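Every value quoted in this text rests on a predicted model; they were computed, and no experiment measured them. Chain identifiers are assigned alphabetically (A, B, ...) following the order of the sequence lines, protein sequences preceding nucleic acid strands; residue numbering begins at 1 within each chain.
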2 protein chains.
Amino acid sequence: MELDERKKIILKAVIRNYLETGEPVGSRTISKYTDLNLSSATIRNEMADLEEMGYILQPHTSAGRIPSDKGYRFYVDTMMEEKDREVVELKEMLLERQDKMETLLKQVAKVVAQNTQYAAMISAPSTHRNKVKFIQLSRLNATQLIAVIVSEGNIIKNNIIPVAEEISDENLLKFNILLNTHLTGLSMEEINLGIIAALKQQAGVHGNIIGEVIDAVGDAIKADDDLEIYTSGTNNIFRYPELTDNGKASELVGTFEEKQQLGTLIQETLEDEAGTGIQVYIGEESPVQSMKDCSVVTATYELGEGMKGTIGIVGPKRMDYDKVIGTLRTIQSKLDELYKKD
Amino acid sequence: MELDERKKIILKAVIRNYLETGEPVGSRTISKYTDLNLSSATIRNEMADLEEMGYILQPHTSAGRIPSDKGYRFYVDTMMEEKDREVVELKEMLLERQDKMETLLKQVAKVVAQNTQYAAMISAPSTHRNKVKFIQLSRLNATQLIAVIVSEGNIIKNNIIPVAEEISDENLLKFNILLNTHLTGLSMEEINLGIIAALKQQAGVHGNIIGEVIDAVGDAIKADDDLEIYTSGTNNIFRYPELTDNGKASELVGTFEEKQQLGTLIQETLEDEAGTGIQVYIGEESPVQSMKDCSVVTATYELGEGMKGTIGIVGPKRMDYDKVIGTLRTIQSKLDELYKKD
DNA sequence: TGTTAGCACTCAACATCAAGGAGTGCTAAC
DNA sequence: GTTAGCACTCCTTGATGTTGAGTGCTAACA
């Protein structure tokens, strides 16, 4: 069977109505709601077809129809074609320039959650392809050095390095020059074994310390990998009974607190990124188990120079996709602007 | 009326039974449960007295009794007298020495939550009374300095300082010596206007920059105040219907995510600290609105030298106070040990 | 051939009602 | 002071009926 024009109109009407009310929608409603001028009986026949085709389903025999995952998918796809540039006015949107990346991200998550009334999460931009901008070793005391590593985007990392023997001021200065000349401007991937060997050689007798230092630098960089994710509006899930019934709330709250599983979502988004960087996971499509009853919309944002992160919105399948996608687009561009002012 | 010995026994029996079952407990149950050898009728009379005195209450006319806040308070107080040193075996307790304070705290929260099956939170130890150990200014580029401040306990803070005019290497070195000689060993409160004025004077022409630097140092220290709190096991609240019915879950989850309100709890605990550093807030006693239906047990822990933080456990009023307090005691001593190995 | 009116049917939701039972308060007897 | 007995309360549970929204099917219509 084919999804002809009339079926499409009816399907959209069913979905749109369900998004608004959250109640199963019947044939009579559609008959009045659309301007097709068809009787409820005709609509019923079409709806039976749509059900057979898997776009809608009945919670029980004598109830109206609700969209299936496949139905939502159809809706999202056609909707995204139609209004690709819908601008959404954000209430109380205040994203000031923040020194601290952490504060900025928390703020973004909060704004997104408040505007959409769904749960929001945001991952810190990966520093993966980031370049080292500045390294400094200082002596904290006889047995400890402190390494400060600054990368593009002014992400600062510290690490305390224990050392066996004391290092003279002279050597410390030498190390600093050595490290900065050799490592500045390199991305983390580019610091390979060859460079490390060369550094060790030039460090002479204190070569072993250079080893420890490089390890520490590696540590500092890896530490960033262990997903910094901020969430906001987790409690918005309680607005939607279908997410919180039957103990589902517990799982979802757990996922949002643990953040580990959110990482897989972020990962997935970053990997198969489409043109606009916005993706919609409906129900079973979601890579996260606890979100099989939700829809998840993710967007990659960019703070320039490959500093990519992900924003995610989690809500019921009957979420307001228009608004959510619009909000994410707006946020994307706001973040873009923010960086350009730099 | 007086709370005589028999009444105490009955009250305790009621509470203990209610802690186990979560159901209102009737006179017949108590008559069998205790070894008082009293008939249910006698118990009934006593229970009527206890209700009049406000220790227990009836959900409805023909139901058994449940403890009131006052009842719980009595129970907790007498219980804490009796077994002040109960040792609780912690399952899977693995607190390894962690370089990163953050990782350690998250781990503690997780261990506590898993062991007690309640929601747990932990605040980072305050660096308030902490002493400056090391300050270093470095030049990031022509217009930016980076300040690294290390305090006792190796808490590291960074701050980027924008500067109008470029500073020579020579001056930078001078500044560093100046800052370290004057500020090292001082607590944050001790850095007063007098010292700042003296520093500015000695800095000469670049005095204004010193001002900015001090401000940044202040910033770095204040930044720590904005409560680093980690939570774990928030979803444990779903184990207890009395915490999640009627939309209460939403509020609680919100509180745990926002963390701001948890701050007041932490604050309160740190302020009126008793001997053992453990406090119990039952129902209305809690300073946090959303926890008026919960009990909260908090404990201050110490990582030596005035580095005090707070651990909190949030659960239903019918929580297993014995176990919770035992767990907190154990954690307290483990953390103490951990620091001593330093 | 597509559309529609009509009708019997289904089923969740809701209200009503009775039975069961846990527990109480009170009274009178021990 | 303690206890047995009894009437009473009120939640809980399950059964029963009613309502209403919505369906599928059929036959008639354009």
- Item | Worked verdict on D69(B) versus R73(B) for salt bridge (charged side-chain N to carboxylate O under 4.0 Å, His left out) | CA-CA 6 Å; D69(B) 284 11; R73(B) 168 54 57 199; over 6 Å; no
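- The CG atom of D49(A) sits 11 Å away from the P atom of dT3(C) (whole-angstrom rounding).
- In this structure, K70(A) contributes its side chain and M53(A) its backbone to a donor-acceptor pair below 3.5 Å.
- As rounded to whole Å, 10 Å separates atom P of dG1(D) from atom CD of E46(B).
- The nearest heavy atom of DNA chain D to H60(B) and to L38(B) marks one nucleotide each, and the one closer to the 5' end goes with L38(B).
- We find that CG of D4(B) is positioned 11 Å from P of dG1(D), with the value rounded to whole Å.
- Taking every side-chain heavy atom of T42(A) into account, dT3(C) is the closest of dG6(C), dT3(C), dA12(C).
- Base pairing analysis places dA7(D) opposite dT24(C); the two distances defining the Watson-Crick or G-U wobble pair are each below 3.5 Å.
- A perpendicular orientation is assigned to the rings of F74(B) and Y55(B), their planes being inclined by more than 60° (bins at 30° and 60°).
- For the residue pair T231(A)/E257(B), the side-chain donor-acceptor check at 3.5 Å is satisfied.
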- Would you check, one step at a time, whether the test side chain to side chain contact (heavy atoms under 4.5 Å, CB included) holds for I56(A) with M47(A)? CA-CA 8 Å; I56(A) 54 182; M47(A) 280 165 85; 4.2 Å; yes
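- As a whole-Å value, the separation of L36(B) CG from dT2(D) P is 10 Å.
- A63(B) comes within 4.0 angstrom of sugar-phosphate atoms only, judged by non-hydrogen atoms across all strands, and of no base.
- As a whole-Å value, the separation of I66(A) CD1 from dA21(D) C1' is 16 Å.
- In this entry dC30(C) has dG1(D) as its Watson-Crick or G-U wobble partner, both defining distances falling under 3.5 Å.
- In this structure, the nucleotide among dA4(D), dC10(D), dG6(C) sitting nearest to the side chain of R44(A) is dG6(C).
- Going from atom CD of E51(B) over to atom P of dC26(C) covers 11 Å, rounded to whole Å.
- Side chain of N45(B), nearest nucleotide from dA12(C), dT3(D), dT24(C): dT3(D).
- Note on R6(A): a side-chain N or O is less than 4.0 Å away from OP1 or OP2 of dT3(C).
- Here the nucleotide nearest the side chain of S62(B), chosen from dC10(D), dT3(D), dA12(C), is dC10(D).
- Side-chain atoms of R65(A) lie closest to dG24(D) of the nucleotides dG24(D), dT3(C), dG5(D).
- Closest to the M47(B) side chain, of the nucleotides dT3(D), dT24(C), dT4(C), is dT24(C).
- Residue Q58(B) contributes atom CD, which lies 13 Å from atom C1' of dC11(D) at whole-angstrom precision.
- Applying the 6.0 Å contact sphere to CD of Q260(A) captures no more than 12 heavy atoms from other residues, nucleotides or ligands.
- The interatomic distance linking K7(A) (NZ) with dT3(C) (P) rounds to 10 Å, in whole Å.
- Under the Watson-Crick or G-U wobble criterion, with both distances below 3.5 Å, dG2(C) is paired with dC29(D).
- Summarising the base pairing, dA18(C) is matched to dT13(D) through a Watson-Crick or G-U wobble pair whose two defining distances lie under 3.5 Å.
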